[in-house]
Every structure is written in C-alpha cells, then in structure tokens.
Chemist: 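Shown below is the structure under consideration.
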Amino acid sequence: MKDRILQDKQKVALNNDVLMPLLGIGVYQINEDEDLENTIHKALEEGYRNIDTAMIYENEVGVGKAIKSSGVPREEIFITTKVWNADHGFDSTLKAFELSRRKINVDVIDLYLIHWPGKDKFIETWRALEKLYREGFVRAIGVCNFQIHHLQTLISASEIVPAVNQVECHPLLSQQELRQWCIEQGIQMMAYSPMMRGRLRNWPLFEELSKTYGKTMAQIVLRWHIQNGVAVIPKSVTPSRIRENAQIFNFELSTKDMDRISQLNLDLRIGLDPDQFLF
C-alpha cells in the first residue's frame, strides 16, 4: 500500500483512485453541541480534511452544520459515515444511507462503511453499498471491523472489493497479518483508537522516542501508523492535541524504531471483538 501514498505523503489513492487524506478527525462520543462544531472547525483550521462519523454516533447533523459553517469548500473535505448494525440488509441500508446523507446535508458521501460484520447479513448490506457507489451517491465504499475471513466471504460474493477496512489498531494490536492481507487485496487499512485511547503514554519506549525525535508520544505513535501505510482518525476535543496530532508529516521514524514499536504487539484489544460482537 505504500506505493499508493502520494508524493505529499498526506493522501492515499484508494483502489478506485479516489484520494483520501491519511489523517482524519474522529468524532465518536462528541455530542451535537458547541464542542462538535469547535472540534471540527479547529481540525479544519489545522489542515485536517477527513472527518469520520457514523449513524450510531448521533452527531451527523452537527457534522454537516460544522462543515457548512467552517467556510472550507465541500470539495476539499472527505466525509465518512457508516451503516449501523440494526440497518443491515439491502433495503434498510439504502434507507439508512439516505437518512445519513440528509442529516449531513450533502449530495455525495465520500466513504460509506459497514460498521460491523455482524452475524449473517453483511453480503446483502454490501450489495446496497455497491448500488450506491454505481449510482454516484458515494465515492468509495468499505467496511469496519472485518477480519480476514469476513473479507474473504465478502469478496467472493461481490463485484467490488472494499476500498477501506477501518479497524482497531495500535502498537499493542498491530494487526500485522490483517494489514498485509489488505495490502495484497488493495484494501486501505484505517486505524481507530490509534493511540489505545491514551493508554500508550504509559509505555517507556514512547517516552524515550519522544526525547529522541523531539516529538510528543502521540506524534510518535501516529507517525508509526502513517509509515506502516495505515490511515488514522485520532479523536480529541482539545485544541492543543488536535494541533499536535496534525504535526506528523515533517519527520520520519527509523526502521529500527519502527520495529521496536511493532514488537510491542500483544494482540490486545480495548474494543469489541468482531468475531464475538454478533447481533
């Protein structure tokens, strides 16, 4: 996937040649109030151009309003949202998408994802996404929380290979096997909880590397993701951290230090296991 990253190293060409910023702002658990608008405005001011929301976050309306009031042209912003578990199925997915599109108040969604594979309906749901893609309502389609076996099942029964697989990923859950498999299939991996929700600050290695590179621990971790070819959507409502998280494109970790971080892997999840979160 590294060969898909563009020369400015801040965007990646997906498998349908749509350009996606490697750095985004996640808005999970940010309520539709002043915090959300301020967060998005600050992120856009700091150069973020990828905003990740979902139906289940219940803040799509606020995301749309914040984008509109920001003054940044719509065509510069990459908007991602997701179909929730209760809406799996062909017809229900189409209805859910239209509701999300109206809430965000845009004509086209840049990336529409299946939020979880669930139990037995994701093929039907994917067919709805394929229809939306062919009709031009979305620029790219993908999935979240899909393991290799989910992706194998999906690809074997579908016409379009997912452009993105958004999963929990951080140095203690490096997802190396899944990441390599996605690279081979042309699927861009995207990491949520890229810093393990702040827990990685407790590891001495990041304090050491922070001193070595003159960067914060968060910047070191995010840079590790980027150099692995993984897109990231860190979440923060703190202006200083939003600014800090954006400053990851002006330095590079050595191969040795990349390996040292990767060796921390424990296959440790802090979120739900896709093979157990069935509905």
Chemist: Tell me every residue that passes salt bridge (Lys or Arg N to Asp or Glu O under 4.0 Å) with Glu130, counting only those two or more places apart in sequence or in another chain.
Modeler: none
Chemist: Determine yes or no for a side-chain-to-main-chain donor-acceptor pair under 3.5 angstrom, with His225 supplying the side chain and Pro194 the backbone.
Modeler: yes
Chemist: How far apart are the C-alpha atoms of Tyr192 and Asn145, what are their side-chain angles, what is the distance that settles it, and do they pass the side-chain hydrogen bond (donor to acceptor under 3.5 Å, both in side chains) test?
Modeler: CA-CA 10 Å; Tyr192 68 80; Asn145 300 299; 2.6 Å; yes
Chemist: If we ignore hydrogens and angles and just use 3.5 Å, is the side chain of Glu46 paired with the main-chain N or O of Arg243 as donor and acceptor?
Modeler: no
Chemist: Closer than 3.5 angstrom, by distance alone: can the side chain of Arg223 be matched with the main-chain N or O of Phe251 as a donor-acceptor pair?
Modeler: yes
Chemist: Check whether the side chains of Asp87 and Asn85 place a donor and an acceptor atom closer than 3.5 Å, and report yes or no.
Modeler: no
Chemist: Return the CG to CE distance between Leu111 and Met190, rounded to the nearest 0.5 Å.
Modeler: 6.0 Å
Chemist: Return the minimal non-hydrogen interatomic distance between Tyr48 and Arg241, and the atom names on each side.
Modeler: OH-O, 4.5 Å
Chemist: Please step through side-chain contact (heavy atoms from CB on, under 4.5 Å) for the pair Tyr28 and Thr53, ending with a clear verdict.
Modeler: CA-CA 7 Å; Tyr28 174 58; Thr53 184; over 6 Å; no
Chemist: Check whether any side-chain heavy atom of Leu178 lies under 4.5 Å from a side-chain heavy atom of Met189, and answer yes or no.
Modeler: yes
Chemist: Is there a side-chain hydrogen bond (donor to acceptor under 3.5 Å, both in side chains) between Glu37 and Ser69? Walk through the geometry before answering.
Modeler: CA-CA 9 Å; Glu37 183 173 45; Ser69 64; 3.0 Å; yes
Chemist: Any side-chain heavy atom of Val27 within less than 4.5 Å of one from Leu36?
Modeler: yes
Chemist: Evaluate salt bridge (charged side-chain N to carboxylate O under 4.0 Å, His left out) for Glu98 paired with Lys95, printing each intermediate quantity in order.
Modeler: CA-CA 5 Å; Glu98 184 58 24; Lys95 290 176 183 176; over 6 Å; no
Chemist: Run the ring-centre check on Phe146 versus Phe122 and record whether the distance is less than 6.0 Å.
Modeler: yes
Chemist: Between Asn50 and Pro21, what is the shortest heavy-atom contact and its length?
Modeler: ND2-O, 3.1 Å
Chemist: So Trp203 and Leu264, side-chain contact (heavy atoms from CB on, under 4.5 Å) or not? Walk me through it.
Modeler: CA-CA 9 Å; Trp203 263 253; Leu264 295 175; 3.9 Å; yes
Chemist: Report the C-alpha separation of His149 and Asp275 in whole Å, then their side-chain angles, then the decisive distance to 0.1 Å, and conclude whether the side-chain hydrogen bond (donor to acceptor under 3.5 Å, both in side chains) test is met.
Modeler: CA-CA 10 Å; His149 69 91; Asp275 284 327; 2.7 Å; yes
Chemist: So, do Ile114 and Leu129 sit near enough that their side-chain heavy atoms are less than 4.5 Å apart?
Modeler: yes
Chemist: Counting distance only, does the side-chain N/O of Ser156 pair as donor-acceptor with the main-chain N or O of Thr153 below 3.5 Å?
Modeler: yes
Chemist: Any side-chain donor paired with an acceptor under 3.5 Å for Asp52 and Gln166?
Modeler: yes
Chemist: For the pair Asn31 (side chain) and Asp33 (backbone), establish whether a donor and an acceptor sit closer than 3.5 Å, ignoring hydrogens and angles.
Modeler: no
Chemist: What's the spacing between Thr238 OG1 and Asn38 CG if we round to 0.5 Å?
Modeler: 12.0 Å
Chemist: Is it the case that one hydrophobic cluster holds both Met217 and Leu173, taking links as side-chain heavy atoms less than 4.5 Å apart, direct or via other members?
Modeler: no
Chemist: Using the rule that Ile, Leu, Val, Met, Phe, Trp and Tyr join whenever any side-chain heavy atoms are under 4.5 Å apart, tell me whether Leu268 and Leu200 fall into a single cluster.
Modeler: yes
Chemist: Could you go step by step and tell me if Arg179 and Glu184 meet the salt bridge (charged side-chain N to carboxylate O under 4.0 Å, His left out) rule?
Modeler: CA-CA 9 Å; Arg179 179 158 43 90; Glu184 292 168 1; over 6 Å; no
Chemist: Between Ser158 and Arg127, is there a side-chain heavy-atom distance shorter than 4.5 Å?
Modeler: no
Chemist: With Asn15, which residues qualify under side chain to side chain contact (heavy atoms under 4.5 Å, CB included), at least two apart?
Modeler: Arg4, Val161, Ala163
Chemist: Is there a donor-acceptor contact under 3.5 Å from the side chain of Asp110 to the main chain of Ile79?
Modeler: yes
Chemist: Is there a side-chain contact between Ile30 and Val237, using heavy atoms and a 4.5 Å cut-off?
Modeler: yes
Chemist: State plainly whether one hydrophobic cluster holds both Met20 and Val106, where clusters connect Ile, Leu, Val, Met, Phe, Trp and Tyr through side-chain heavy atoms under 4.5 angstrom apart.
Modeler: yes
Chemist: Flag yes if Trp84 and Val61 sit in one hydrophobic cluster, no otherwise; membership is Ile, Leu, Val, Met, Phe, Trp, Tyr, and two members link when side-chain heavy atoms are under 4.5 Å apart.
Modeler: no
Chemist: Please test His41 against Ser70 for side-chain hydrogen bond (donor to acceptor under 3.5 Å, both in side chains), starting from the C-alpha separation and ending with a verdict.
Modeler: CA-CA 6 Å; His41 284 184; Ser70 72; 5.2 Å; no
Chemist: Does the side chain of Leu272 reach to within under 4.5 Å of the side chain of Gln276, using non-hydrogen atoms?
Modeler: no
Chemist: Which atoms form the tightest heavy-atom contact between Trp126 and Pro162, and what is the distance?
Modeler: CH2-CA, 3.6 Å
Chemist: Looking at every non-hydrogen atom in both residues, tell me the closest pair between Ser193 and His170 and how far apart they are.
Modeler: O-CD2, 3.5 Å
Chemist: Rounded at 0.5 Å granularity, tell me how far CG in Asp257 sits from CD1 in Ile220.
Modeler: 8.0 Å
Chemist: Checking salt bridge (charged side-chain N to carboxylate O under 4.0 Å, His left out) for the pair Arg102/Asp107: CA distance, chi angles, key distance, verdict?
Modeler: CA-CA 8 Å; Arg102 290 184 180 184; Asp107 294 328; over 6 Å; no
Chemist: Return the CG to CH2 distance between Asn165 and Trp181, rounded to the nearest 0.5 Å.
Modeler: 9.0 Å
Chemist: Less than 3.5 Å apart, any donor N or O on the side chain of Asn250 or Lys215 sitting next to an acceptor on the other?
Modeler: yes
Chemist: Test of understanding: clusters of I, L, V, M, F, W, Y form through side-chain heavy atoms closer than 4.5 Å, transitively. Do Val108 and Leu19 belong to the same one?
Modeler: no
Chemist: Kindly indicate, with the supporting measurements, whether the criterion side-chain contact (heavy atoms from CB on, under 4.5 Å) is fulfilled by Ile270 and Met196.
Modeler: CA-CA 7 Å; Ile270 56 170; Met196 205 177 174; 3.4 Å; yes
Chemist: Nearest 0.5 Å, what's the CG-CD1 distance between Asn228 and Ile261?
Modeler: 9.0 Å
Chemist: Shortest non-hydrogen contact from Leu44 to Arg49?
Modeler: O-NH1, 2.8 Å
Chemist: Over 60° means perpendicular and under 30° means parallel, so classify the ring planes of Trp116 and Phe277, tilted if in between.
Modeler: perpendicular
Chemist: Compare every heavy atom of Arg139 with every heavy atom of Tyr133, then report the nearest pair and how far apart it is.
Modeler: CE1-O, 3.2 Å
Chemist: Output the distance between atom OG1 (Thr125) and atom CG (Leu113), rounded to the nearest 0.5 Å.
Modeler: 12.5 Å
Chemist: May I ask you to say whether Glu60 pairs ionically with Lys82, meaning some side-chain N is under 4.0 Å from a carboxylate O?
Modeler: no
Chemist: Do side-chain atoms of Lys121 reach the backbone of Gly89 as a donor and acceptor pair under 3.5 angstrom?
Modeler: no
Chemist: Compare all side-chain heavy atoms of His115 with those of Val143 and state whether any distance is below 4.5 angstrom.
Modeler: no
Chemist: Asn245 versus Gln219: any side-chain heavy-atom pair under 4.5 Å?
Modeler: no
Chemist: How far apart are the C-alpha atoms of Trp224 and Met258, what are their side-chain angles, what is the distance that settles it, and do they pass the side-chain contact (heavy atoms from CB on, under 4.5 Å) test?
Modeler: CA-CA 6 Å; Trp224 173 80; Met258 287 288 293; 3.7 Å; yes
